[in-house]
Asks: 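Shown below is the structure under consideration.
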Amino acid sequence: MKLFDVYPLYDVEPVNAYGSIVIDKNDTEYLDLYGGHAVISIGHSHPHYVKKIKEQVEKIGFYSNAVQNSLQSKLADKLGKLSGYDNYQLFLCNSGAEANENALKLASFFTGKTRIVAFNNGFHGRTSAAVAATDNAKINAPLNKQQDVTFLPLNQIELVETELKKGDVCAVIIEPIQGVGGLNEGSTEFFTSLERLCNELGVVLILDEVQSGYGRSGKFFAHQFHSITPDIISIAKGMGNGFPVGGILIAPHIEPNYGMLGTTFGGNHLACAAALAVLEVIETEKLIDNARVLGDYFSALVSDLPGVRKVKGKGLMLGLEFDFEVSELRKKLIYDKHIFTGGAMNKNVLRILPPLTIGKREIDLFIKALQEVLVIEKSVIV
Ligand code: PLP
């Protein structure tokens, strides 16, 4: 059987990895500044994580949600403490798209309404509120017809107010820092007004922290830079460090009832063991502080490089906006310098999403490589 060919692939096959290093089948080492779309939070194959998963799989890997699983409560407790949301409720699932689908469904149940407000260049997975960028409309066309989603520009609160006042909106869904879209952010003033409007008009505010969460921004959740408290927070990516696990944190005023949400695989024993190990490492190795400090270090060094127009994002969720499209630059970084970076819908943005364990030495290596590629190859790239 052939694979359904939907991904353009780089000609590299990783077969091994540790920390921020990925090794391909020819034994070539790569510096990983992308973490497979921001998934690798505590570094590849972290010894504590490997140990916990091995120990768990030797006992039990999976049983259904129809029986008790105290690992789920352990995970909820630890997540509540580290994130500052210990009065919230946790529903576990398997991916970012699923987390957002459940968040939207819950908002619809809670309000009895169906329309969703999302934002231009936002990305919420292959969901009802999929992608807003017009050049990606083809990805979403069938879905957007099924669900009534209104896309608005960021930072224009009066447009949001007009939509919410129509009275048929169940949820506003927004990333605190846009990942796939290219690291655009709403201002604190925008987020606080959004929270106030949602509260006043009975609309559920969903913060999609699938990419920006789990310490990547330098706070546990990136929306905490704006001192807002959403009704629902969706999580995935860094949560399992590569093990597929996602979830939603749900405010206490949204009450559960049996059958409201459900999943076969969500919250299984192995996923919980992986997710718990991730939180333990984030805590003991102070990775949120590392994300903040190393993010500042990175941003300061990179901002003066030739062609860098702007450094966007926070902590270790960064985008370097160049004055040219970065696809050739990414190829040169991978094939010539053996460094993984990411692209974005904004074709001029190079995304940097390394493991939160990264150190200054790796950042220095990248800066040197980038300088060389930019200076030596500038005529080719630009
Ligand atoms: N939400 C955000 C902000 C994302 O960046 C992504 C994936 O890139 C998703 C949701 C979808 O996550 P998944 O691919 O796990 O379904």
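The shown structure was predicted, so the numbers you read here are calculated from the model rather than taken from an experiment. Just so it is clear, the values below take in all heavy atoms, side chains as well, and ignore hydrogens, waters and symmetry mates. When a ligand or atom number is given, it counts from 1 through the structure's own listing order.
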Asks: Residues in salt bridge (charged side-chain N to carboxylate O under 4.0 Å, His left out) with E283, at least two apart?
Replies: K78
Asks: Heavy atoms only: which of E101, H37, K237 lies closest to atom 7 (C) of ligand 1?
Replies: K237
Asks: As an exercise, identify every atom of ligand 1 less than 4.0 angstrom from a heavy atom of S95.
Replies: 15 (O), 16 (O)
Asks: Applying the salt bridge (Lys or Arg N to Asp or Glu O under 4.0 Å) test to E321, which of R351, R309, K310, K347 qualifies?
Replies: R309
Asks: Among all protein heavy atoms, pick the one closest to atom 5 (O) of ligand 1 and tell me residue, atom and distance.
Replies: Q211 NE2, 2.8 Å
Asks: Mind checking the OG1-CG spacing from T357 to N241? Nearest 0.5 Å is all I need.
Replies: 8.5 Å
Asks: Counting non-hydrogen protein atoms only, what is the nearest one to atom 2 (C) of ligand 1? Give residue, atom name and distance.
Replies: F123 O, 3.3 Å
Asks: Considering only residues two or more places apart or on different chains, which pairs with a residue in residues 150-164 satisfy salt bridge (charged side-chain N to carboxylate O under 4.0 Å, His left out)?
Replies: R115-E163, E161-K165, E163-K166
Asks: May I ask you to list the atoms of ligand 1 that are less than 4.0 angstrom from any heavy atom of E175?
Replies: 3 (C)
Asks: Classify the contact between A236 and ligand 1 as side chain, backbone, both or neither, using a heavy-atom distance cut-off of under 4.0 Å.
Replies: neither
Asks: Just to confirm my output: which protein heavy-atom neighbour is closest to atom 1 (N) of ligand 1, and how far is it?
Replies: D208 OD2, 2.8 Å
Asks: Only one of L294, L301, V302 forms a side-chain contact (heavy atoms from CB on, under 4.5 Å) with F298, so which one is it?
Replies: V302
Asks: Under 4.0 Å from atom 14 (O) of ligand 1, do we find at least one protein heavy atom?
Replies: no
Asks: May I ask you to list the atoms of ligand 1 that are less than 4.0 angstrom from any heavy atom of A97?
Replies: 11 (C), 12 (O), 13 (P), 16 (O)
Asks: Purely on distance, is any nitrogen or oxygen of H124 under 3.5 Å from one on ligand 1?
Replies: no
Asks: Would a line drawn from the ring center of Y30 to the ring center of Y10 be shorter than 6.0 Å?
Replies: no
Asks: Less than 6.0 Å separating the ring centroids of F110 and H253?
Replies: yes
Asks: Report the C-alpha distance between R292 and D289 in whole Å, list the side-chain angles of each, state the deciding distance to 0.1 Å, and finish with yes or no for salt bridge (charged side-chain N to carboxylate O under 4.0 Å, His left out).
Replies: CA-CA 5 Å; R292 195 174 50 249; D289 290 344; 3.0 Å; yes
Asks: Step by step, would you call H44 with D32 a side-chain hydrogen bond (donor to acceptor under 3.5 Å, both in side chains)?
Replies: CA-CA 9 Å; H44 292 276; D32 186 6; 2.7 Å; yes
Asks: With a cut-off of 4.0 Å, which atoms of ligand 1 are near a heavy atom of N100?
Replies: 1 (N), 10 (C)
Asks: Within a distance under 4.0 Å of any heavy atom of G96, pick out the atoms of ligand 1 and give their elements.
Replies: 11 (C), 12 (O), 13 (P), 15 (O), 16 (O)
Asks: Considering only heavy atoms of G125, which atoms of ligand 1 have at least one such atom less than 4.0 Å away?
Replies: 9 (C), 10 (C), 11 (C)
